[in-house]
Every structure is written in structure tokens, then in C-alpha cells.
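Note: hydrogens, waters and symmetry copies are ignored here, and every other heavy atom, side chains too, is used. Reminder, nothing fancy here: chain letters follow the sequence lines and each chain counts from 1.
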Amino acid sequence: MIELLAQTGLNALYAASYTALVAVGLVLIFGVMGVINFAHGELFMLGAYAIVAVYADWNLPYLVAVAVGMTFVGIVGLGMERAFFRPLRDNPLGGLVASIGFLMILQALVSMGFGVRMEHVPPVTQDVIVITEKVRLPVFRLAVILAAVVLLASLWAFLKKTRFGWALRASAQDPEAAALQGISINQTARIAMFIGAALAGVAGALTAPLISVNPHMGHSVIVTAFIVIIVGGIGSLEGAVIVAVAYAFVHTFVTTFFDGVIADIVGLLLLLAVLIVKPTGLFGSADRA
Amino acid sequence: MTKLAALLGFGAILLALPHALSFSQQEILVFLTINVLVVASYRLLTLTGEWSLGHVVIMGVGAYASALLSKRLGIYVPAAMLLGAGTAAMVALALSFPLFRMKGFYFLIGSFAAGEIIRLLWKRFREPFGGPKGIKKIDPMPDFDIGVYVFDFFEPISYYYFALAVVGVSLWVMWRIERSPVGLTFHAVHWQDRLAEASGVNVRAYRTLAFVLASGFAGLSGALLAHYIGTINPNSFDVEQMVFVLTWTIVGGTATFYGPILGCVVLTVLNEIVLREAGFEQMRPLIYGLIMILSVLFMPKGLESLVRGALSRRNANRKMTGETEATE
């Protein structure tokens, strides 16, 4: 029993790592631009397909493929900002609708380019760390966890220590006051969109060898990300990370002891419960709502 | 008088229309008729200012309920359809308690979550919902004879007339609701909710009423769909379908009764005639996505704004010519 719990805990930690990357990106975009990017799951999907193209099809090293995926998805994010989030800045519902439209375009483009069938990505490494007979941690999963921690730590350092980070946080708190201080709203929106999209892309790229890659994989990702950012309090980066970890544990344990669909239902019920009781989320402040 | 003549002419065109179409086009016409009811009911919901992402799932509730009632309990199909609509309304009433604690963006996400929960329940419970494969061999409408016309529901043309009658009556009811004091209160709740509340309007009750009524009609459209195609599953009512409804509504515009219907008809015709005939069927999601983005960016008031613009120009011209005649 202890061993099953330990193994499930390790699985949950892995799930938490990529969930946190996706959710933090979504929160960053919302914080600075005030718009929910419904296409965020599809950015994750694009990152995974970058691995299919660069690593599996062209046989380039895995790390190169991850870097390519991250940059490429970041640039797609810049394109989204310029194409519709910026013109629709005063119209949050319009931005949301446009991102739903963009989601369909991305799915259709990937389906046409790669086909709708599941893609197989060859494993990067088969090594497994054997802790006990029944508790095993594949090295690749450990690498994903570590990569997520490093990425989130560098994001934190960027936001707290650099001038760009200050500007970003300032325009998230109060866009008008920030603009009066000479901070370019377009500039901070571009940075936030690039980082947010790149985080989703890198999460997709990191997990691609371990999951089934298909054009519709973004759906479950965006549902999870919604649950995490709303429970965490929309606009709160720390809340997103903490809830991502907590939610991953709940979801993984319910999946292990019941089944995956029940786990999804539990997650959505949690989301509804938080929306009913405290719509600003567990870590959110009222004025951001 | 001219209005009545126009209405009769329009009705005659609708009755004659399927005879000019091929078999597969007649089938599309049936779907289009059902979808008109979906978007019109969606607009009823948006009258109070709330946008739901769960409307298609509610439509599915009507479809599942009607299919199960007729298949398991042997209830006469038209009665099962009405009960399906009632079930959808009841589910909406139950959902309204949690959902209407939220507004705007939170309502959007909340309705999405509630819809997903319902869809997952269909997927999870094979008994009675049939699991991921859904319900197959749903009883078709029984044939009947009204004297002047024999309804044979193996023919899409018969089902079209049946659906047209149901949708026509539903649209008329919705139109009357919007014109009634209740409908005016819906508008007040949307545009001046504080003022409405201060004037003694129970804002939440009216939001709930709009949601329940809209869901009832959505359920009815789902039931119409289920007994026509004969098989439904959780994916028949997924987010992609919701996106289509959203696109039709936004492209059409929600300021007028005909806006969403216009959007639905124009995009369906465009899709079927332009895309399918030209062999671009695979690119449908792509083109819908593009249309969605472009219409939000460049036509935020929808197709209806073009119609209104044309009408007001015509009226202005008339006035001008009238004035010049008077001065002469």
C-alpha cells in the first residue's frame, strides 16, 4: 500500500510539473492582457508536434527539438497578440471568441499537415531509477519535473529581478498607471504572450514522448488549466503553481483508485464549488476579478 | 397587408424549397432547420447578457432524454420529444442555482464546466446512457396522415415539414416572449441590471427564466435531431458543436431576432454550396475559425448590421425623395 501511494505520488509530481507550466502561462497572459486564451491547449499541442517534426521525423537531438518547439510556439503567441488580442484589447469576450476561432485553425492545420491519427514519438531514454521493487521513476519523467522547476524558477527571477519583469507586473496590476509611468503596454503584452505561449509549447514538447500526440489533445489540457487557474485565483501565479500541484495529486490519486473519467468529474466539481463559494479563487485578490 | 403577403410568400417558398433540392441537400435542410432553433434559443439566453458554453450540452440533454424515453419506456415519440424539452429545462433549472451565482466571464467558464460534467456522465455510465458509443437505433418518428399530406419519415422531406412546423411554432413563441413585458425585462436585466434591480425587478429570477426557457427550446431541437439521425453519443454535443453555434450567433449578431438565424443560414449555405461542392469539406473548421476571428475583428455587430444599414438607407432615400416631391 505504501508503495502504491509512493508510486502514485511520483506520477502526480510529474503531472503537476507540466500542468503548472501550462497554467502559469495562461495566468500570465490573463494578468497582463485581461483575456482568456482558449487556444492555450492548442499551443501545448503545437509544442508536442514540434517534437514529432523535429525529433521524430528529422532525427535532430531531443533538446534541439524542445528549443525549437518553445521558440516556435512563442512566436505563434506573438502572432496571436498582434493579430487579434491587441485590436480586441477593450473587448475581452471578443478576444476569447477570436482565440476559440484560432484554436480551430490550429487543429485544422495540424490535422492537414500530420493527419488526425495518433503520432508515436520514440522514447528519449528508457532508463528507470528503481527505488524499491514497486516504486520506479523513469529518468525521463524526473527530467521533465526538473525542467519545469528550473523554468518556473527562472520565470520567477525574471518577474522579480529584471526591469522587464517589473514592467510586466506593473501593467498586470494597473495598466493605466503603468502606461503613465512610460511602460509600453504593447511591449509588455508581447513579452507576456511570448512567455505564456512558450511555456505551453515547452510543456507539450517535454511530455510528447510520454503521451499520445494528436490534433485534439489540447482539449483535456485546457480543461485542466481552467480548473487550476480558477481554483488558484485567476491572475495569481503563485496560486496557479500551488493548485497545479494539489490538483495533480487529487487527479492522479482518483484516477489510480477509481478511474480517469471520475477524476475529471471531481476536478470540474471542484471548479464549480470554488466558483460558487469564492469566485476570486483561493489565492486571488478581489480587485482582479 | 403587404407584411402578411410577404409572410405568406416566404412560407410558400419554405414549403416549396425541398422540391428543388437533391436528396442529400434535403437532409442538410433538415439539419439547418433544427440548427435555426438552436441559435434562436441561444439568442434568448443571451438576451439577459449571459453567454453560455453549455448550450449544446443542454440540447444533448433533450436528445438523450427523448431517445431514452421512447426507446426504454416506449413513449410515443412526439410526446417523448416534449418530455425531452422539459427535461432539458429542468436540468437547466437545477444548474441555474450554482451558475447564476456567477456573471460574465465566470458564468462562461462555469457553464463550460457544468456542460463537461454532464458529457462525462454520459461517457462514464453505460447504463442508461450507452457510454462513449452513445445510443443507437433511436425510434424514428411514427408515420402519420393529416389528410392532405402523408408523413413518411423515411423521406427527409417529410421530416423537414415536421421540423419546420415545430421550429416555426417555437420561433413564434420565442418572438412573443421577447415582445411581452417579460422579454422587455430581459433587455432591462442585460443593459441596466442595477437600475432594474432598484426598480424591484428580481434580476436573478429573470436570468433563470431566460436560461430555462432557452434550454427547453434547445432540448426540443436536440430531440428533433436525435429522432432524425437515430444515433447520438457524447461527442455529438462537444465543444466543436458549441463553437459552430457560437460562430453562427456572433457572425449573425444578437441585437435582432433574425440575426443569429441569418448567421446560421448564411454560413450553412456557404459551407454546403461553396465548401462541399468545391471539395474543401476538410477545411471547414479552418474556415469557420477564420470567419470567427474576422467577424469579431471587422464586423463586431454581425451580419444583421449590414441588413439594418441597407434598410435604414432605403428608408432615408424614401424620405429624401418624398421631401423633394413635396417641395416641387
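- For a residue to count as touching a neighbouring chain, one of its non-hydrogen atoms must lie under 4.5 Å from one of that chain's; by this rule Leu294(B) does not touch chain A.
- Ion pair Arg190(A)/Glu81(A) not flagged as a salt bridge, since none of the NZ, NE, NH1 or NH2 atoms sits closer than 4.0 Å to an Asp/Glu carboxylate oxygen.
- Counting only heavy atoms from C-beta outward, the side chains of Ile118(B) and Phe237(B) never approach each other to under 4.5 Å.
- Heavy atoms closer than 4.5 Å to chain B are found in the side chain of Phe226(A), but not in its backbone.
- Contacts of Leu103(A) with chain B are absent, with no heavy-atom separation under 4.5 Å from either backbone or side chain.
- With a threshold of 4.5 angstrom between heavy atoms, Ala83(A) approaches chain B through N, CA, C or O but not through any side-chain atom.
- Looking only at heavy-atom pairs under 4.5 Å with chain A, the residue among Leu246(B), Ile250(B), Ile291(B), Val243(B) that has the most is Val243(B).
- Between Val245(B) and Met59(B), the closest side-chain pair of non-hydrogen atoms is not below 4.5 Å.
- The shortest side-chain heavy-atom distance between Glu42(A) and Gln107(A) falls under the 4.5 Å cut-off.
- The parts of Leu269(A) that come within reach of chain B are both its backbone and its side chain, each placing non-hydrogen atoms under 4.5 angstrom from that chain.
- Among Arg124(B), Arg101(B), Glu240(B), the residue making the largest number of heavy-atom pairs under 4.5 Å with chain A is Arg124(B).
- Counting heavy atoms from C-beta on, the side chains of Val213(A) and Met45(A) never come closer than 4.5 Å.
- Only the side chain of Leu271(A) comes within contact range of chain B, with at least one heavy atom under 4.5 Å from a heavy atom of that chain.
- Defined by atom type and a distance below 3.5 Å, a donor-acceptor pair is missing between the side-chain atoms of Arg82(A) and Asn186(A).
- For a residue to count as touching a neighbouring chain, one of its non-hydrogen atoms must lie under 4.5 Å from one of that chain's; by this rule Leu109(A) touches chain B with backbone and side chain alike.
- Using a 4.5 Å cut-off between heavy atoms, Phe298(B) makes no contact with chain A at all.
- Aromatic ring pairs are classed by plane angle as parallel below 30°, tilted from 30° to 60° and perpendicular above 60°; the pair Tyr247(A) and His251(A) is tilted.
- No donor-acceptor contact under 3.5 angstrom links the side chains of His190(B) and Glu50(B), judged on distance only.
- The contact between Ile117(B) and chain A is made by backbone and side chain atoms together, counting heavy-atom distances below 4.5 Å.
- Taking 4.5 Å as the limit, every side-chain heavy atom of Leu53(B) sits out of range of all side-chain heavy atoms of Val239(B).
- Chain B forms the most heavy-atom pairs under 4.5 Å with one residue out of Asp264(A), Ile265(A), Ile100(A), and that residue is Ile265(A).
- Neither the backbone nor the side chain of Phe107(B) has a heavy atom closer than 4.5 Å to any heavy atom of chain A.
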